[in-house]
There are 2 protein chains.
Amino acid sequence: MSQANNRLEKRDQLISTAFSLFYRYGIHAVGINQVIDAAGVAKRTLYHHFDSKEALIAATLAYRDQQFRIWLEARIEQVPPGGGALLAVFDALDDWFNERDEAIMPFHGCFFINTCAEYTDPQNVHHQQCQTHKRLVHEMLLRHAYQVNAERADALSQELVFLKEGAIVQAHVMADPQAALVAKGVAKRLLQSYTT
Amino acid sequence: MSQANNRLEKRDQLISTAFSLFYRYGIHAVGINQVIDAAGVAKRTLYHHFDSKEALIAATLAYRDQQFRIWLEARIEQVPPGGGALLAVFDALDDWFNERDEAIMPFHGCFFINTCAEYTDPQNVHHQQCQTHKRLVHEMLLRHAYQVNAERADALSQELVFLKEGAIVQAHVMADPQAALVAKGVAKRLLQSYTT
DNA sequence: CTGAATGTATACCGATCTGTCTACTTGCTT
DNA sequence: AAGCAAGTAGACAGATCGGTATACATTCAG
(Lines give C-alpha, C1' and ligand atoms only; values in the text may rest on other atoms or scores of the structure.)
Protein backbone atom coordinates (compact mmCIF):
# COMPACT_ATOMS: atom_id res chain seq x y z
CA MET A 1 0.00 0.00 0.00
CA SER A 2 1.63 3.17 -1.21
CA GLN A 3 1.67 6.42 0.69
CA ALA A 4 -0.39 8.09 -2.00
CA ASN A 5 -3.07 5.49 -1.47
CA ASN A 6 -2.87 5.99 2.26
CA ARG A 7 -3.42 9.72 1.85
CA LEU A 8 -6.66 9.29 -0.01
CA GLU A 9 -7.77 6.45 2.18
CA LYS A 10 -7.48 8.50 5.37
CA ARG A 11 -9.37 11.37 3.86
CA ASP A 12 -12.13 9.16 2.53
CA GLN A 13 -12.19 7.22 5.77
CA LEU A 14 -12.82 10.45 7.66
CA ILE A 15 -15.58 11.51 5.31
CA SER A 16 -17.40 8.19 5.30
CA THR A 17 -17.07 7.85 9.08
CA ALA A 18 -18.26 11.41 9.60
CA PHE A 19 -21.19 10.75 7.30
CA SER A 20 -22.28 7.65 9.20
CA LEU A 21 -22.15 9.48 12.51
CA PHE A 22 -23.75 12.72 11.28
CA TYR A 23 -26.47 10.74 9.54
CA ARG A 24 -27.32 8.66 12.58
CA TYR A 25 -26.95 11.19 15.38
CA GLY A 26 -27.17 14.57 13.66
CA ILE A 27 -24.34 16.97 12.91
CA HIS A 28 -24.42 19.10 16.05
CA ALA A 29 -24.64 16.02 18.25
CA VAL A 30 -21.39 14.55 16.89
CA GLY A 31 -18.07 16.02 17.99
CA ILE A 32 -14.78 16.04 16.19
CA ASN A 33 -13.27 13.68 18.78
CA GLN A 34 -16.00 11.15 18.14
CA VAL A 35 -15.26 11.26 14.43
CA ILE A 36 -11.52 10.71 14.79
CA ASP A 37 -11.97 7.93 17.34
CA ALA A 38 -14.41 6.10 15.07
CA ALA A 39 -12.17 6.66 12.04
CA GLY A 40 -9.06 5.58 13.94
CA VAL A 41 -7.19 8.69 12.91
CA ALA A 42 -5.24 11.37 14.75
CA LYS A 43 -6.84 14.74 15.28
CA ARG A 44 -3.97 16.39 13.48
CA THR A 45 -4.74 14.29 10.41
CA LEU A 46 -8.32 15.52 10.32
CA TYR A 47 -7.19 19.12 10.52
CA HIS A 48 -4.60 18.42 7.85
CA HIS A 49 -7.32 17.45 5.38
CA PHE A 50 -10.03 19.83 6.54
CA ASP A 51 -9.75 23.40 7.78
CA SER A 52 -12.58 23.01 10.22
CA LYS A 53 -15.63 20.97 11.15
CA GLU A 54 -17.55 23.11 8.67
CA ALA A 55 -15.27 21.91 5.87
CA LEU A 56 -15.77 18.31 6.97
CA ILE A 57 -19.53 18.80 6.90
CA ALA A 58 -19.33 20.20 3.37
CA ALA A 59 -17.24 17.23 2.23
CA THR A 60 -19.71 14.86 3.90
CA LEU A 61 -22.64 16.43 2.07
CA ALA A 62 -20.78 16.21 -1.25
CA TYR A 63 -19.95 12.56 -0.57
CA ARG A 64 -23.56 11.64 0.15
CA ASP A 65 -24.79 13.65 -2.83
CA GLN A 66 -22.59 11.60 -5.15
CA GLN A 67 -23.39 8.29 -3.49
CA PHE A 68 -27.13 8.88 -3.51
CA ARG A 69 -27.47 10.15 -7.06
CA ILE A 70 -25.27 7.43 -8.51
CA TRP A 71 -27.32 4.85 -6.64
CA LEU A 72 -30.68 6.24 -7.77
CA GLU A 73 -29.56 6.73 -11.36
CA ALA A 74 -28.43 3.09 -11.46
CA ARG A 75 -31.74 1.93 -10.05
CA ILE A 76 -33.71 3.89 -12.62
CA GLU A 77 -31.63 2.71 -15.56
CA GLN A 78 -32.34 -0.91 -14.74
CA VAL A 79 -35.79 -0.50 -16.29
CA PRO A 80 -36.76 0.70 -19.81
CA PRO A 81 -37.17 4.48 -20.15
CA GLY A 82 -40.56 6.12 -19.74
CA GLY A 83 -43.15 5.95 -17.00
CA GLY A 84 -41.67 2.75 -15.66
CA ALA A 85 -38.44 4.54 -14.87
CA LEU A 86 -40.31 7.08 -12.77
CA LEU A 87 -42.12 4.35 -10.88
CA ALA A 88 -38.78 2.62 -10.36
CA VAL A 89 -37.85 5.59 -8.18
CA PHE A 90 -40.46 4.51 -5.67
CA ASP A 91 -39.33 0.90 -5.78
CA ALA A 92 -35.84 2.17 -5.04
CA LEU A 93 -37.19 4.22 -2.13
CA ASP A 94 -38.99 1.11 -0.88
CA ASP A 95 -35.73 -0.83 -0.77
CA TRP A 96 -33.98 2.12 0.88
CA PHE A 97 -36.61 2.50 3.62
CA ASN A 98 -36.63 -1.23 4.31
CA GLU A 99 -32.85 -1.53 4.09
CA ARG A 100 -32.91 -4.15 1.37
CA ASP A 101 -30.22 -2.50 -0.76
CA GLU A 102 -26.73 -2.66 0.71
CA ALA A 103 -25.54 0.18 -1.49
CA ILE A 104 -27.65 2.71 0.40
CA MET A 105 -28.11 1.20 3.88
CA PRO A 106 -28.99 2.13 6.56
CA PHE A 107 -32.05 4.42 6.53
CA HIS A 108 -32.30 7.36 8.92
CA GLY A 109 -34.35 9.68 6.75
CA CYS A 110 -32.87 11.96 4.11
CA PHE A 111 -29.48 13.32 5.14
CA PHE A 112 -30.20 16.55 3.30
CA ILE A 113 -33.61 17.12 4.84
CA ASN A 114 -32.06 16.33 8.21
CA THR A 115 -29.25 18.79 7.62
CA CYS A 116 -31.69 21.54 6.62
CA ALA A 117 -33.50 20.82 9.87
CA GLU A 118 -30.29 21.64 11.75
CA TYR A 119 -29.49 24.65 9.59
CA THR A 120 -32.95 26.07 8.99
CA ASP A 121 -31.78 29.32 7.41
CA PRO A 122 -31.93 28.90 3.61
CA GLN A 123 -28.97 31.28 3.37
CA ASN A 124 -26.78 28.93 5.36
CA VAL A 125 -23.95 27.31 3.41
CA HIS A 126 -24.91 23.76 4.30
CA HIS A 127 -28.59 24.39 3.63
CA GLN A 128 -27.72 25.64 0.17
CA GLN A 129 -25.61 22.57 -0.51
CA CYS A 130 -28.68 20.50 0.31
CA GLN A 131 -30.74 22.58 -2.10
CA THR A 132 -28.23 21.84 -4.83
CA HIS A 133 -28.49 18.12 -4.20
CA LYS A 134 -32.28 18.23 -4.29
CA ARG A 135 -32.18 20.25 -7.48
CA LEU A 136 -29.94 17.66 -9.15
CA VAL A 137 -32.23 14.81 -8.14
CA HIS A 138 -35.19 16.81 -9.41
CA GLU A 139 -33.46 17.30 -12.75
CA MET A 140 -32.90 13.57 -12.94
CA LEU A 141 -36.63 12.96 -12.59
CA LEU A 142 -37.31 15.75 -15.05
CA ARG A 143 -35.24 14.03 -17.75
CA HIS A 144 -37.32 10.90 -17.40
CA ALA A 145 -40.57 12.86 -17.21
CA TYR A 146 -39.76 14.21 -20.66
CA GLN A 147 -40.10 10.70 -22.01
CA VAL A 148 -43.64 10.53 -20.64
CA ASN A 149 -44.94 13.96 -21.52
CA ALA A 150 -42.47 16.46 -22.91
CA GLU A 151 -44.85 19.41 -22.69
CA ARG A 152 -45.84 18.90 -19.10
CA ALA A 153 -42.61 17.34 -17.84
CA ASP A 154 -42.01 20.22 -15.42
CA ALA A 155 -45.33 19.80 -13.66
CA LEU A 156 -45.11 16.00 -13.60
CA SER A 157 -41.61 15.87 -12.18
CA GLN A 158 -42.39 18.48 -9.57
CA GLU A 159 -45.43 16.58 -8.37
CA LEU A 160 -43.44 13.36 -8.18
CA VAL A 161 -40.81 15.17 -6.13
CA PHE A 162 -43.50 16.13 -3.62
CA LEU A 163 -44.56 12.51 -3.34
CA LYS A 164 -40.95 11.43 -2.97
CA GLU A 165 -40.22 13.90 -0.16
CA GLY A 166 -43.51 13.05 1.51
CA ALA A 167 -42.67 9.37 1.39
CA ILE A 168 -39.20 9.90 2.87
CA VAL A 169 -40.58 11.96 5.75
CA GLN A 170 -43.41 9.52 6.39
CA ALA A 171 -41.06 6.53 6.30
CA HIS A 172 -38.68 8.16 8.75
CA VAL A 173 -40.87 10.12 11.18
CA MET A 174 -43.64 7.53 11.38
CA ALA A 175 -41.29 4.58 10.85
CA ASP A 176 -43.70 3.47 8.17
CA PRO A 177 -42.11 0.75 6.00
CA GLN A 178 -44.89 0.99 3.41
CA ALA A 179 -44.52 4.69 2.72
CA ALA A 180 -42.88 4.18 -0.67
CA LEU A 181 -45.65 1.90 -1.88
CA VAL A 182 -48.37 4.35 -0.90
CA ALA A 183 -46.52 7.09 -2.77
CA LYS A 184 -46.08 4.76 -5.72
CA GLY A 185 -49.83 4.19 -5.83
CA VAL A 186 -50.47 7.91 -6.13
CA ALA A 187 -47.63 8.27 -8.63
CA LYS A 188 -49.18 5.59 -10.83
CA ARG A 189 -52.48 7.45 -11.07
CA LEU A 190 -50.61 10.69 -11.61
CA LEU A 191 -48.64 9.15 -14.45
CA GLN A 192 -51.80 7.85 -16.09
CA SER A 193 -53.30 11.31 -16.08
CA TYR A 194 -50.15 12.65 -17.74
CA THR A 195 -50.02 9.86 -20.34
CA THR A 196 -52.86 11.64 -22.14
CA MET B 1 -49.97 40.72 38.77
CA SER B 2 -50.32 37.98 41.35
CA GLN B 3 -47.59 35.56 42.24
CA ALA B 4 -49.65 32.62 40.99
CA ASN B 5 -49.81 34.30 37.61
CA ASN B 6 -46.11 34.94 37.72
CA ARG B 7 -45.45 31.25 38.29
CA LEU B 8 -47.26 30.20 35.17
CA GLU B 9 -45.93 33.10 33.21
CA LYS B 10 -42.31 32.20 33.88
CA ARG B 11 -42.90 28.59 32.94
CA ASP B 12 -44.73 29.48 29.76
CA GLN B 13 -42.17 32.14 28.99
CA LEU B 14 -39.43 29.53 29.17
CA ILE B 15 -41.33 27.13 26.95
CA SER B 16 -42.22 29.67 24.29
CA THR B 17 -38.71 31.12 24.31
CA ALA B 18 -37.18 27.65 24.09
CA PHE B 19 -39.50 26.80 21.22
CA SER B 20 -38.54 29.88 19.24
CA LEU B 21 -34.84 29.15 19.68
CA PHE B 22 -35.07 25.39 19.10
CA TYR B 23 -37.23 25.95 16.04
CA ARG B 24 -34.90 28.48 14.50
CA TYR B 25 -31.49 27.03 15.36
CA GLY B 26 -32.17 23.40 16.19
CA ILE B 27 -32.29 21.78 19.61
CA HIS B 28 -28.67 20.66 19.93
CA ALA B 29 -27.44 24.04 18.75
CA VAL B 30 -29.23 25.92 21.53
CA GLY B 31 -27.86 25.81 25.07
CA ILE B 32 -29.68 26.22 28.33
CA ASN B 33 -27.86 29.51 28.98
CA GLN B 34 -29.11 30.89 25.70
CA VAL B 35 -32.67 30.00 26.65
CA ILE B 36 -32.55 31.65 30.07
CA ASP B 37 -30.86 34.76 28.71
CA ALA B 38 -33.51 35.14 26.02
CA ALA B 39 -36.32 34.42 28.47
CA GLY B 40 -34.85 36.83 31.04
CA VAL B 41 -35.02 34.21 33.76
CA ALA B 42 -32.55 32.80 36.27
CA LYS B 43 -31.05 29.39 35.63
CA ARG B 44 -32.38 28.21 38.96
CA THR B 45 -35.91 29.05 37.80
CA LEU B 46 -35.56 26.89 34.73
CA TYR B 47 -34.39 23.95 36.78
CA HIS B 48 -37.20 24.59 39.23
CA HIS B 49 -39.79 24.01 36.50
CA PHE B 50 -37.94 21.37 34.49
CA ASP B 51 -35.77 18.51 35.68
CA SER B 52 -33.46 18.77 32.70
CA LYS B 53 -33.09 20.04 29.17
CA GLU B 54 -34.82 16.86 28.05
CA ALA B 55 -37.89 17.82 30.07
CA LEU B 56 -37.83 21.28 28.54
CA ILE B 57 -37.66 19.76 25.08
CA ALA B 58 -40.67 17.56 25.85
CA ALA B 59 -42.64 20.56 27.10
CA THR B 60 -41.64 22.50 24.00
CA LEU B 61 -42.90 19.74 21.71
CA ALA B 62 -46.18 19.54 23.63
CA TYR B 63 -46.56 23.31 23.39
CA ARG B 64 -46.06 23.36 19.64
CA ASP B 65 -48.31 20.35 19.18
CA GLN B 66 -51.17 22.20 20.86
CA GLN B 67 -50.48 25.47 19.08
CA PHE B 68 -50.27 23.89 15.66
CA ARG B 69 -53.31 21.66 15.89
CA ILE B 70 -55.51 24.38 17.34
CA TRP B 71 -54.39 26.67 14.55
CA LEU B 72 -55.00 24.15 11.78
CA GLU B 73 -58.34 23.04 13.20
CA ALA B 74 -59.48 26.66 13.29
CA ARG B 75 -58.39 27.20 9.71
CA ILE B 76 -60.27 24.13 8.52
CA GLU B 77 -63.46 25.00 10.36
CA GLN B 78 -63.67 28.36 8.64
CA VAL B 79 -64.97 26.60 5.53
CA PRO B 80 -67.98 24.27 5.13
CA PRO B 81 -67.24 20.58 5.79
CA GLY B 82 -66.33 18.23 2.96
CA GLY B 83 -63.67 18.39 0.26
CA GLY B 84 -63.32 22.13 0.73
CA ALA B 85 -62.12 21.60 4.29
CA LEU B 86 -59.36 19.31 3.08
CA LEU B 87 -58.28 21.83 0.47
CA ALA B 88 -58.33 24.51 3.17
CA VAL B 89 -55.43 22.64 4.75
CA PHE B 90 -53.27 23.58 1.80
CA ASP B 91 -54.42 27.19 1.91
CA ALA B 92 -53.41 27.20 5.56
CA LEU B 93 -50.03 25.75 4.65
CA ASP B 94 -49.66 28.44 2.00
CA ASP B 95 -50.16 31.17 4.59
CA TRP B 96 -47.79 29.42 6.97
CA PHE B 97 -45.02 29.08 4.39
CA ASN B 98 -45.39 32.69 3.32
CA GLU B 99 -45.77 33.97 6.86
CA ARG B 100 -49.12 35.61 6.24
CA ASP B 101 -50.75 34.26 9.41
CA GLU B 102 -49.45 35.79 12.62
CA ALA B 103 -50.81 32.91 14.67
CA ILE B 104 -48.23 30.52 13.23
CA MET B 105 -45.30 32.73 12.18
CA PRO B 106 -42.46 32.35 11.43
CA PHE B 107 -41.77 29.39 9.13
CA HIS B 108 -38.64 27.28 9.55
CA GLY B 109 -40.03 23.97 8.37
CA CYS B 110 -41.96 21.56 10.57
CA PHE B 111 -40.67 21.54 14.13
CA PHE B 112 -41.51 17.86 14.44
CA ILE B 113 -39.81 16.80 11.24
CA ASN B 114 -36.82 18.89 12.31
CA THR B 115 -36.76 17.26 15.71
CA CYS B 116 -36.89 13.78 14.19
CA ALA B 117 -33.95 14.82 12.06
CA GLU B 118 -31.96 15.49 15.24
CA TYR B 119 -33.21 12.35 16.98
CA THR B 120 -33.31 9.91 14.09
CA ASP B 121 -33.94 6.82 16.19
CA PRO B 122 -37.71 6.11 16.15
CA GLN B 123 -37.32 4.65 19.66
CA ASN B 124 -36.13 7.99 20.99
CA VAL B 125 -38.52 9.73 23.39
CA HIS B 126 -38.64 12.98 21.42
CA HIS B 127 -39.02 11.20 18.11
CA GLN B 128 -42.02 9.33 19.48
CA GLN B 129 -43.58 12.54 20.72
CA CYS B 130 -43.30 13.82 17.15
CA GLN B 131 -44.99 10.67 15.89
CA THR B 132 -47.87 11.31 18.26
CA HIS B 133 -48.31 14.82 16.94
CA LYS B 134 -48.30 13.64 13.34
CA ARG B 135 -50.78 10.93 14.19
CA LEU B 136 -53.15 13.48 15.73
CA VAL B 137 -52.94 15.73 12.68
CA HIS B 138 -53.52 12.72 10.46
CA GLU B 139 -56.65 11.83 12.46
CA MET B 140 -57.88 15.36 11.99
CA LEU B 141 -57.64 14.99 8.22
CA LEU B 142 -59.20 11.56 8.47
CA ARG B 143 -62.30 12.97 10.15
CA HIS B 144 -62.80 15.36 7.26
CA ALA B 145 -62.01 12.72 4.67
CA TYR B 146 -64.97 10.74 6.00
CA GLN B 147 -67.24 13.51 4.79
CA VAL B 148 -65.89 13.07 1.28
CA ASN B 149 -65.76 9.29 1.02
CA ALA B 150 -66.44 7.30 4.16
CA GLU B 151 -65.34 3.97 2.69
CA ARG B 152 -62.01 5.16 1.38
CA ALA B 153 -61.31 7.85 3.97
CA ASP B 154 -58.19 6.05 5.22
CA ALA B 155 -56.56 5.98 1.81
CA LEU B 156 -57.56 9.54 0.98
CA SER B 157 -56.31 11.03 4.22
CA GLN B 158 -53.05 9.12 4.02
CA GLU B 159 -52.37 10.35 0.52
CA LEU B 160 -53.13 13.92 1.54
CA VAL B 161 -50.71 13.55 4.43
CA PHE B 162 -47.99 12.61 1.98
CA LEU B 163 -48.71 15.73 -0.05
CA LYS B 164 -48.73 17.83 3.10
CA GLU B 165 -45.36 16.52 4.30
CA GLY B 166 -43.92 16.85 0.81
CA ALA B 167 -45.10 20.45 0.63
CA ILE B 168 -43.58 21.33 4.01
CA VAL B 169 -40.23 19.84 3.08
CA GLN B 170 -40.23 21.48 -0.34
CA ALA B 171 -41.21 24.85 1.10
CA HIS B 172 -38.44 24.68 3.68
CA VAL B 173 -35.53 22.94 1.99
CA MET B 174 -36.00 24.61 -1.40
CA ALA B 175 -37.38 27.83 0.08
CA ASP B 176 -40.21 27.44 -2.39
CA PRO B 177 -43.08 29.79 -1.49
CA GLN B 178 -45.44 28.08 -3.94
CA ALA B 179 -45.07 24.59 -2.53
CA ALA B 180 -48.50 24.59 -0.89
CA LEU B 181 -50.23 25.58 -4.11
CA VAL B 182 -48.56 22.83 -6.10
CA ALA B 183 -49.62 20.31 -3.49
CA LYS B 184 -53.12 21.77 -3.51
CA GLY B 185 -53.31 21.22 -7.27
CA VAL B 186 -52.55 17.53 -6.84
CA ALA B 187 -54.90 17.31 -3.88
CA LYS B 188 -57.73 18.73 -5.96
CA ARG B 189 -57.36 16.03 -8.60
CA LEU B 190 -57.02 13.43 -5.88
CA LEU B 191 -60.23 14.62 -4.26
CA GLN B 192 -62.07 14.48 -7.56
CA SER B 193 -61.07 10.87 -8.03
CA TYR B 194 -62.37 10.09 -4.55
CA THR B 195 -65.63 11.97 -5.07
CA THR B 196 -66.81 9.08 -7.22
C1' DC C 1 20.59 12.42 0.96
C1' DT C 2 17.46 15.57 2.08
C1' DG C 3 13.15 17.82 2.54
C1' DA C 4 8.32 18.00 2.07
C1' DA C 5 4.09 15.68 2.89
C1' DT C 6 1.48 12.82 5.68
C1' DG C 7 0.93 10.40 9.46
C1' DT C 8 1.10 9.19 14.79
C1' DA C 9 0.03 10.44 19.91
C1' DT C 10 -1.00 13.58 23.26
C1' DA C 11 -1.09 17.76 25.88
C1' DC C 12 -3.15 21.92 25.91
C1' DC C 13 -6.18 26.26 25.03
C1' DG C 14 -10.29 28.96 25.92
C1' DA C 15 -14.98 28.46 25.43
C1' DT C 16 -19.24 26.33 26.30
C1' DC C 17 -22.05 22.54 27.84
C1' DT C 18 -25.63 20.75 31.51
C1' DG C 19 -26.54 20.92 35.98
C1' DT C 20 -25.74 22.15 41.16
C1' DC C 21 -25.03 25.19 44.79
C1' DT C 22 -25.16 29.22 48.02
C1' DA C 23 -27.30 33.24 49.64
C1' DC C 24 -30.89 36.27 49.38
C1' DT C 25 -35.76 38.44 48.10
C1' DT C 26 -40.62 38.51 47.41
C1' DG C 27 -45.30 37.55 48.25
C1' DC C 28 -49.20 34.39 49.03
C1' DT C 29 -51.31 31.24 52.39
C1' DT C 30 -52.43 29.35 56.61
C1' DA D 1 -46.59 35.96 62.30
C1' DA D 2 -44.51 32.09 60.05
C1' DG D 3 -43.64 29.15 56.41
C1' DC D 4 -43.39 27.89 51.82
C1' DA D 5 -43.17 28.37 46.90
C1' DA D 6 -41.02 30.91 43.44
C1' DG D 7 -38.03 34.10 42.16
C1' DT D 8 -33.13 36.61 41.71
C1' DA D 9 -27.77 36.65 40.66
C1' DG D 10 -23.94 34.32 40.04
C1' DA D 11 -20.15 31.09 41.33
C1' DC D 12 -18.91 26.59 40.50
C1' DA D 13 -18.17 21.61 38.85
C1' DG D 14 -16.84 18.32 35.52
C1' DA D 15 -17.22 17.24 30.94
C1' DT D 16 -16.87 18.20 26.24
C1' DC D 17 -16.48 21.45 22.46
C1' DG D 18 -13.50 22.98 18.19
C1' DG D 19 -9.03 23.84 17.32
C1' DT D 20 -3.72 24.42 18.09
C1' DA D 21 0.92 23.06 19.57
C1' DT D 22 4.74 19.95 20.34
C1' DA D 23 7.54 16.19 19.16
C1' DC D 24 8.40 12.47 16.39
C1' DA D 25 7.85 8.51 12.52
C1' DT D 26 7.32 7.12 7.78
C1' DT D 27 7.69 7.42 2.93
C1' DC D 28 8.15 9.27 -1.47
C1' DA D 29 10.40 12.65 -4.79
C1' DG D 30 14.02 15.55 -6.47
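Within every chain, numbering begins at 1; the chains are lettered A, B, ... in the order of the sequence lines, protein sequences first and strands thereafter.
In terms of phosphate contacts, A/Asn33 brings a side-chain nitrogen or oxygen within less than 4.0 Å of OP1 or OP2 of D/dC17. At least one side-chain nitrogen or oxygen of B/Thr45 sits closer than 4.0 Å to the OP1 or OP2 atom of D/dT8. B/His49 has a side-chain polar atom (N or O) that falls below the 4.0 Å cut-off from OP1 or OP2 of D/dG7. Proximity of B/Lys10 to the phosphate of D/dT8: a side-chain N or O atom is located under 4.0 Å from OP1 or OP2.
Distances were taken from every side-chain heavy atom of A/Arg44 (C-beta onward) to each of C/dA9, D/dT8, C/dT18; the shortest belongs to C/dA9. Counting only heavy atoms from C-beta on, B/His48 has its side chain closest to D/dG7 among C/dT18, D/dG7, D/dG18.
Side-chain contact check for A/Tyr25 and A/Gln34: no donor-acceptor pair (N or O, by modelled atom type) lies under 3.5 Å. Looking only at atom types and distance, the side chain of B/Gln192 has no donor-acceptor partner in the side chain of B/Arg189 under 3.5 Å away. Remark: the B/Ser157 side chain and the B/His138 side chain contain an N/O donor-acceptor pair separated by less than 3.5 Å.
Checked by atom type and distance alone, the side chain of A/Lys184 never pairs as donor or acceptor with a backbone atom of A/Leu93 at under 3.5 Å.
Atom CG of B/Leu46 is separated from atom C1' of C/dT20 by 13 Å (rounded to the nearest Å). The CD atom of B/Glu9 sits 15 Å away from the C1' atom of C/dT26 (whole-angstrom rounding). Atoms CD1 (A/Ile36) and C1' (C/dT10) sit 10 Å apart, rounded to a whole Å. Summarising the geometry, the separation between CD on B/Gln13 and C1' on D/dT8 is reported as 14 Å, rounded to the nearest angstrom. In this structure, the OH atom of A/Tyr47 is 19 Å from the P atom of C/dC12, given to the nearest Å. Atom CG of B/Leu14 is separated from atom P of D/dA6 by 13 Å (rounded to the nearest Å). Distance A/Asp51 CG to D/dT20 P: 9 Å, rounded to the nearest Å. Protein atom CD1 of B/Ile32 is 17 Å distant from nucleotide atom P of D/dA9, rounded to whole Å.
Remark: of the listed residues B/Asp101, B/Asp91, B/Asp94, B/Asp101 is the sole one forming a salt bridge (Lys or Arg N to Asp or Glu O under 4.0 Å) with B/Arg75.
Closest-nucleotide positions on DNA chain D for A/Gln34 and B/Lys43 were compared, and the one nearer the 5' end corresponds to B/Lys43.
A/Val35 comes within contact range of no nucleotide atom at all, as no heavy-atom separation falls under 4.0 Å.
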